[in-house]
Structure formats: C-alpha cells, structure tokens
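In what follows, residues are counted from 1 in the order of the sequence shown. What you see below is based on every heavy atom in this structure, not just the backbone, and it leaves out hydrogens, waters and symmetry mates.
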Amino acid sequence: AALAIAVQTVSGAALAQQQVALGSSGSGTGPYINGAQMAEAANGVQDAWRFSVQTTGGYRDNMGLVLSRDLDIALTTLIDLEFAVNGRGDFASLPGREDLRLVFTFGAVPQNLFVREDSGITALDGIQGQRFNINSPASFTHALNLRMLEAVGIALDSFEAGTVPTGQVFDQVQNGVFEGGAHVFQLGLGGMQRLASSVPMRFLDVPEPVFTALNAGYFGLLVPYTVPAGTYQGQDADVSTFGLAQVVFAHKDADPDMVYALTRGFWENLASLQASNTSFNGMTPELGAAPYGMTLHPGAARYFAEVGAQ
C-alpha cells in the first residue's frame, strides 16, 4: 500500500504520522537523489506526513505503480505523463490513465552521450560495431534512445546494446564493459564526475536535425540543452544536446493534504534545493504550475493558488 500508519507517542500524546513513499528510480540515480531531497524538504515543513524516497524500476515503472496504487505519488518525465494522460503511442491502451494527475514540474535534465576517449568514437553513428549502453528496458530513457537511434539511422543490431541502468553504467564503462552510453541524468551527476576523473571521456553532441526529428515525435516537449564546458573533467567545450522536463505526478485519489505537503515543502525550500542540486535550476512556481493541458491534482492546485502561481 502507498500509505501506512505509524503511531508515535510524543509527550504522552499519540500522533498518527502517515508514511508516504515517493517513487523515483534506481538507487544512486538522479531521480533517486531528487526524490530523496524532495522528501527531506517536505518532512521539514510539517509533521503529519513522513515522506521517503522509494527505489523503482524507472520512470515508466512508476506509471504502473501509481495506477495500481502501490504508490500514490512518484516522479516521471513530462513526456511520459502527457502521453499517458492523452493516450498517445503505446499508452493508448493503458488502463486507468484517466486517473493520473500532474502535481508539478520540477526541472529539466539533459540527455548525455558519453564514450571512452580510447574508443575512437567521435559522433553518435560511431557506436556501430561497439558495445554501447542504452539503459534498462523499464526506463523512459531506453524508449527515448530507441527513437533517437531511429532518427540517426542506426539499427539496433548494428552494435552490442547494453541494458544496464544509470546507477551501474559508470563502473561498467570504467571497467571496459561498454565503450559508453546514452543516459538522461542531472548536470554534474557524481557518478559521471567520478568516471570522467578516472578515465578520459568524450561527450557527443546531438546534431540539430536529429533533435528536430526526435522532438517532432514527442510533440515538441523536448527542449534544447547545453552542457557547459568544464562540467566534467576533460570536457573543454560546450555540448549541445536536449533536455527532458521532469514532473511529480499522483493518482487522482491520493490524499490532497499529502500532495499539498510535498508541493509546499519543495517550493518553500527551492533556493536551498537549487544550491545543492542542478536538476532544480531555473524553476519558478509559475513554471512548476504550468499544466501542459493536463489536470493538476487538487492538493497541488491548492498550494499554487495560495501563492498566486496560477
């Protein structure tokens, strides 16, 4: 169950504190870090709900977990949520998709194409004949990578495709299991920092025609993104890629007070969250409240109405 009751006694008074698991992704990934910081922020502004981050199989896995009520609230991409709510693509037959609600958008993260410098790969089409990781099949990134490869004209059987999750890929690239990978993660992620510090790495641009073709299939929901020079050791030039907006979403029957608590905790602590996590950079309550044609959960709508962000 998404919520469990834990009874604690404080100064002789019995207080019911409800436990909430916030679905993220694999341990050590950007979504896991984001979820952990959101939970901590929400716990600091109220005591009725105790939030904790929950490991899952990935953003796509979270959709099913929320619809089955194994979780009430979780993280995913704006694209997947918008596609699910509107029945696009392989979400057209998703049972219960009308029960999904947007809570807020919390930032954008870049697609990262990285290869060992000693691989000789200098552009994306150079992965053919090489061992290159495209993330686990349960992840949003895996489906994104398949579309990106199609836009480039690279057949899946033209290279040795790995299906290792983001949390494990850096060690495997360092150990030579893969020449590189294509993964969505926050700017300056520690795992990537450590890899670039131990093995000379090259970061590949996403050509503009590839981005344009890919974005058309996502109804314009991708955004251009630049990874600034110097983000990683040995990265001496800006890298042109694209970013994905990330959102918190919930089941329509999730407790409005719980959703309000998480929303309030995030936005009231935005400055401190941005100081420690680049995933949240550039956000404002007004951007966070944008509905993109979807219905906001009542708990989130209540908070944004209170602060005048809608």
Side-chain angles (χ1 to χ4, degrees), residues 24-37 107-136 139 141-142 144-145 148-149 152 159-208 210-211 222-244 246 272-283:
S24 61
S25 187
S27 179
T29 62
Y32 182 88
I33 294 168
N34 295 341
Q37 292 184 329
V109 287
Q111 165 78 316
N112 300 273
L113 310 178
F114 53 96
V115 294
R116 294 174 60 108
E117 198 170 272
D118 60 13
S119 70
I121 299 171
T122 58
L124 186 54
D125 58 7
I127 70 171
Q128 295 176 95
Q130 304 273 18
R131 296 164 299 176
F132 190 79
N133 195 61
I134 57 173
N135 216 330
S136 62
S139 68
T141 307
H142 183 85
L144 171 73
N145 284 333
M148 180 182 68
L149 293 171
V152 177
F159 67 101
E160 188 175 333
T163 56
V164 171
T166 302
Q168 300 173 21
V169 70
F170 306 114
D171 285 343
Q172 298 217 7
V173 171
Q174 180 176 347
N175 294 332
V177 177
F178 300 113
E179 302 301 332
H183 289 257
V184 174
F185 53 78
Q186 69 194 62
L187 196 66
L189 184 69
M192 188 70 247
Q193 295 278 16
R194 289 188 291 274
L195 174 60
S197 297
S198 60
V199 177
M201 300 296 297
R202 179 178 292 119
F203 298 86
L204 308 179
D205 291 322
V206 176
E208 193 277 334
V210 173
F211 169 71
L222 298 173
V223 295
Y225 196 108
T226 298
V227 179
T231 299
Y232 303 105
Q233 186 168 320
Q235 181 217 339
D236 299 326
D238 290 349
V239 177
S240 297
T241 181
F242 58 87
L244 293 88
Q246 300 186 96
S272 61
L273 288 168
Q274 289 175 332
S276 62
N277 189 332
T278 58
S279 292
F280 307 132
N281 286 357
M283 291 306 301

Partners passing side-chain contact (heavy atoms from CB on, under 4.5 Å) against [X] (at least two apart in sequence or in another chain):
| X | value |
| --- | --- |
| Ser197 | Gln233 |
| Pro200 | Glu117 |
| Thr241 | Pro110, Gln111, Val206, Tyr225, Val227 |
| Ala161 | Ile134, Leu156, Phe159 |

Do you know the tightest heavy-atom contact between [X] and [Y]?
| X | Y | result |
| --- | --- | --- |
| Val239 | Gln235 | CG2-NE2, 3.6 Å |
| Leu124 | Leu204 | N-CD1, 3.9 Å |
| Ser24 | Pro31 | CB-O, 3.5 Å |
| Ser276 | Gln37 | OG-NE2, 3.6 Å |

Check your understanding: Got a sec, which residues hit salt bridge (charged side-chain N to carboxylate O under 4.0 Å, His left out) with Asp238, two or more places apart in sequence or on another chain?
Key ->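 Asp238 satisfies salt bridge (charged side-chain N to carboxylate O under 4.0 Å, His left out) with no other residue.
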Exercise for review: For residues 226-237, pull every pair meeting salt bridge (charged side-chain N to carboxylate O under 4.0 Å, His left out), keeping only residues two or more places apart or in separate chains.
Suggested key: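 Those involving residues 226-237 do not exist here.
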Point to revise | Under 3.5 Å donor-acceptor, Gln128 side chain and Asp125 backbone | key: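 Side chain of Gln128 to backbone of Asp125, a donor-acceptor pair under 3.5 Å: yes, one is there.
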**Study point:** Derivation and outcome, side-chain contact (heavy atoms from CB on, under 4.5 Å), residues Arg194 and Gln174
**Key:** CA-CA 9 Å; Arg194 289 188 291 274; Gln174 180 176 347; over 6 Å; no
Any side-chain heavy atom of [X] sitting closer than 4.5 Å to one from [Y]?
| X | Y | value |
| --- | --- | --- |
| Met192 | Met201 | yes |
| Val115 | Phe132 | yes |
| Leu113 | Met148 | yes |

Exercise for review: Any chance you could lay out the side-chain contact (heavy atoms from CB on, under 4.5 Å) test for Val164 and Val177, step after step, and finish with the verdict?
Suggested key: CA-CA 11 Å; Val164 171; Val177 177; over 6 Å; no
Check your understanding: Atom CG of Asn34 and atom OG of Ser25: how far apart are they, to the nearest 0.5 Å?
Key ->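 Between Asn34 CG and Ser25 OG, I get 10.5 Å after rounding to 0.5 Å.
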Review point. Distance from Ser272 atom OG to Phe280 atom CZ, nearest 0.5 Å?
Key: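 It is 10.0 Å, given to the nearest 0.5 Å.
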Review point. Ring pair (Phe, Tyr, Trp, His ring centres under 6.0 Å) with Phe242: which residues, sequence neighbours excluded?
Key: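 Result, ring pair (Phe, Tyr, Trp, His ring centres under 6.0 Å) vs Phe242: none returned.
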Practice item. Just jot down the side chain to side chain donor-acceptor pair (under 3.5 Å) partners of Asp118, sequence neighbours excluded, or say none. Key: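 Applying side chain to side chain donor-acceptor pair (under 3.5 Å) to Asp118 gives Arg116.
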Practice item. Would you please name every residue forming a side chain to side chain donor-acceptor pair (under 3.5 Å) with Glu208, sequence neighbours left out? Key: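 Side chain to side chain donor-acceptor pair (under 3.5 Å) list for Glu208, sorted by chain: Thr212.
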List the atom pairs, donor and acceptor, that lie under 3.5 Å between side-chain atoms in residues 179-190 and the rest of the protein, sequence neighbours left out.
from: Glu179; atom 1: OE2; to: Arg131; atom 2: NH2; distance (Å): 2.9
from: His183; atom 1: ND1; to: Asn135; atom 2: ND2; distance (Å): 3.3
from: His183; atom 1: ND1; to: Thr166; atom 2: OG1; distance (Å): 2.8
from: His183; atom 1: NE2; to: Asn133; atom 2: ND2; distance (Å): 2.8
from: Gln186; atom 1: OE1; to: Ser279; atom 2: OG; distance (Å): 3.4
from: Gln186; atom 1: NE2; to: Asn277; atom 2: OD1; distance (Å): 3.3

